[in-house]
Amino acid sequence: MSAAFGTTVSAEDAKTQYFPLATFRVGAYASSGIPAWAGEIDYFRYINEVEGGINGIKLVWDECETNWEVEKGVECYERVKAGKDGSPVPIFLPHGDPISKALTEKSVADKIPLVTIAYGRTEAIDGRVFPYSFPVVFSFWSEASSAVNFIAEKVGGKDKLKGLKIATVYHDSPYGKETQVLLAHLAKTYGFEDIQIPVPHPGNEQSAQWAKIRQLKPDWVFLRGWGVMTPVAIKTAAKVGFPVDHIVGGIWSGSEEDVRPAGAVAKGYLAITPFPAGANFEIHQKLKKYILDKGLSDLKDPKSFGSVYYNSGVDEAIVAVEAIRTAQAHFGERPINGEEAQWGLEHLDLSEKRLAEIGATGLQQPLKLSAKDHEGGGAGKVLQWDGEKWNVVSNGWVKSDRELLLPLIYERAAAYAREKGITPRDATN
């Protein structure tokens, strides 16, 4: 859906906050995108309908179809970056890891923050080097570390990781390769064997990969898939006799859309996510009452209400709205531009108290961002598929080893700064 706009006005007179949405409702990954936009748009509508906007500033948006392709994503960004009808763009949501990487330098030049929740360049956590990139909530490195920590919980502690074989079956792309350096470091630290097995895009044939799994006999498999690759992996694992309750899917291999196509053999499959499934959170009760029941929802399939991807959209919208709210508290209750939104993001403090006020306790982890930390969270919940729905099986949020990760991340950010001739910003926090 596209927002309706009035006559052209100046930024000073604008009464709306514009959010362009780079979406993919067609193509190989549409099944994950469609429920995500529904969650995001439903929350935006809730803010408008129930709260009257953010401090009276209504949200407006329109969509730009990218088909999850870099060229189209960059073209979309260039088309919308100047804002609309006087309303500036405070935040751009790329909705694609390759697109976000292609926009890293452009966003700095244009002073428009890229918010990439649970994807994006890991070293962008260091905002001193990447002032306008925000891999908020759960980076790929945190995902991998938390998955290993969950496996440690299951086997009786981190000391029991020594001697285990952990195989990562990954989408053979920059996204899939993102965790290789970190997993090698964790393997060296904890003494497990790190096995890396690539799967060519799109991943609809994996016989060779799982034959290798059968041969190597790993204790656990970490599945970093995307789209059709995940259900194919689950079905092929079952064919070779690998137990699905010893496969831990990554963020983008842990949705209903990933397990339902695999059928009965998916029962028991595990996945780690910062977007726990479920429609029993307080914010969902509000969304149902004020948006879904009134026929205002963007959701086409009611079964997706409270799904992992729907909830990812809700979480993303919460972060965006609260960043604008934080910026308004400093700059004034008016539409916020990109430079001001960057300040709002770096001062975002989603405390337990604020999450309770929103109705997102348990849905969103507490976040506190700063110039040195553009992630702020670093934890996920592990879900298990029972054949019909996801159930949380971890002991709450499984934290990553951020004290181990951050020095490595800062080293990588410093290397990027040297390569690009960037002088990092001073930051005390």
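Note that the structure is a prediction, hence the values are computed from the model and not measured.
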Test side chain to side chain contact (heavy atoms under 4.5 Å, CB included) applied to V89 and K84, step by step: CA-CA 8 Å; V89 175; K84 195 162 188 177; over 6 Å; no

Listed once per pair and sorted, the ring pair (Phe, Tyr, Trp, His ring centres under 6.0 Å) pairs that draw on residues 389-413, sequence neighbours left out: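 Every pair satisfying ring pair (Phe, Tyr, Trp, His ring centres under 6.0 Å) with a residue in residues 389-413: W385-W390.
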
Pairs satisfying ring pair (Phe, Tyr, Trp, His ring centres under 6.0 Å), at least one member in residues 199-218, at least two apart: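 For residues 199-218: H171-H201.
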
Can a side-chain donor-acceptor contact be found between [Y] and [X] if the only test is distance below 3.5 angstrom?
X    : Y    : value
Y18  : D62  : yes
E375 : S142 : yes
E339 : N337 : no
D42  : Y310 : yes
S253 : D258 : no
T23  : E63  : yes
D110 : S107 : no
Y190 : D401 : yes
T122 : E178 : yes
Q196 : D194 : yes

Nearest 0.5 Å, what's the [atom1]-[atom2] distance between [X] and [Y]?
X    : Y    : atom1 : atom2 : answer
N149 : L186 : CG    : CG    : 8.0 Å
I336 : I91  : CD1   : CD1   : 10.0 Å
I99  : E71  : CD1   : CD    : 11.0 Å
I291 : D298 : CD1   : CG    : 11.0 Å
I47  : I324 : CD1   : CD1   : 11.5 Å
L405 : S145 : CG    : OG    : 5.0 Å

Contact summary for D97 and G120, nearest pair of heavy atoms: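 D97 and G120 have their closest heavy atoms at OD1-N, 2.8 Å.
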
Heavy-atom pair with the smallest gap, counting every atom of R121 and P135: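 For R121 versus P135, the nearest heavy atoms are O-CG, 3.8 Å.
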
So do the side chains of [X] and [Y] get within less than 4.5 Å of each other, counting heavy atoms only?
X    : Y    : result
I166 : I195 : no
W141 : I409 : yes
E411 : E123 : no
I272 : F138 : yes
V382 : V398 : yes

Aromatic F140 / basic R224 pairing, under 6.0 angstrom, 45° off normal: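 Yes.
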
Take atom [atom1] of [X] as the centre, draw a 6.0 Å sphere, and report whether it contains more than 12 heavy atoms from other residues, nucleotides or ligands.
X    : atom1 : answer
K300 : NZ    : yes
E388 : CD    : no
N280 : CG    : no
K111 : NZ    : no
K288 : NZ    : no
K165 : NZ    : yes

Any donor-acceptor N/O pair, [X] side chain to [Y] backbone, under 3.5 Å:
X    : Y    : result
T168 : Y170 : no
Q365 : A379 : yes
E65  : R25  : yes
N311 : F275 : no
Q206 : M229 : yes
K399 : G378 : no
E143 : I251 : yes
Q285 : L287 : no
Q209 : P198 : yes
D172 : V199 : no

Centroid separation [X] to [Y] less than 6.0 Å:
X    : Y    : value
Y119 : Y175 : no
F24  : H95  : no
W226 : W68  : yes
Y416 : F130 : yes

Matching residue for I41 among W61, F19, Y46 - test: side chain to side chain contact (heavy atoms under 4.5 Å, CB included):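 The option that passes is W61.
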
Evaluation steps, side chain to side chain contact (heavy atoms under 4.5 Å, CB included), between K72 and N67: CA-CA 7 Å; K72 290 181 179 178; N67 204 16; 4.2 Å; yes

Side chain to side chain contact (heavy atoms under 4.5 Å, CB included) between D315 and L363, intermediate numbers included: CA-CA 8 Å; D315 275 5; L363 174 67; 3.3 Å; yes

Parallel, tilted or perpendicular: rings of W220 and F150 (30°, 60°):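 F150 vs W220 ring planes: perpendicular.
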
Chi angles and distances behind the salt bridge (charged side-chain N to carboxylate O under 4.0 Å, His left out) call for D159, K162: CA-CA 6 Å; D159 59 316; K162 189 173 183 179; over 6 Å; no

Set of ring pair (Phe, Tyr, Trp, His ring centres under 6.0 Å) partners for H185, sequence neighbours left out: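 Here no residue qualifies.
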
Residues E40, L93; criterion side chain to side chain contact (heavy atoms under 4.5 Å, CB included); working and verdict: CA-CA 11 Å; E40 188 149 17; L93 306 164; 2.9 Å; yes

The single option from K368, K372, R425 passing salt bridge (charged side-chain N to carboxylate O under 4.0 Å, His left out) against E346: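 Of K368, K372, R425, salt bridge (charged side-chain N to carboxylate O under 4.0 Å, His left out) with E346 is met by R425 alone.
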
Test log, rule salt bridge (charged side-chain N to carboxylate O under 4.0 Å, His left out), inputs R260 and E257: CA-CA 6 Å; R260 284 178 181 145; E257 292 77 12; 5.0 Å; no

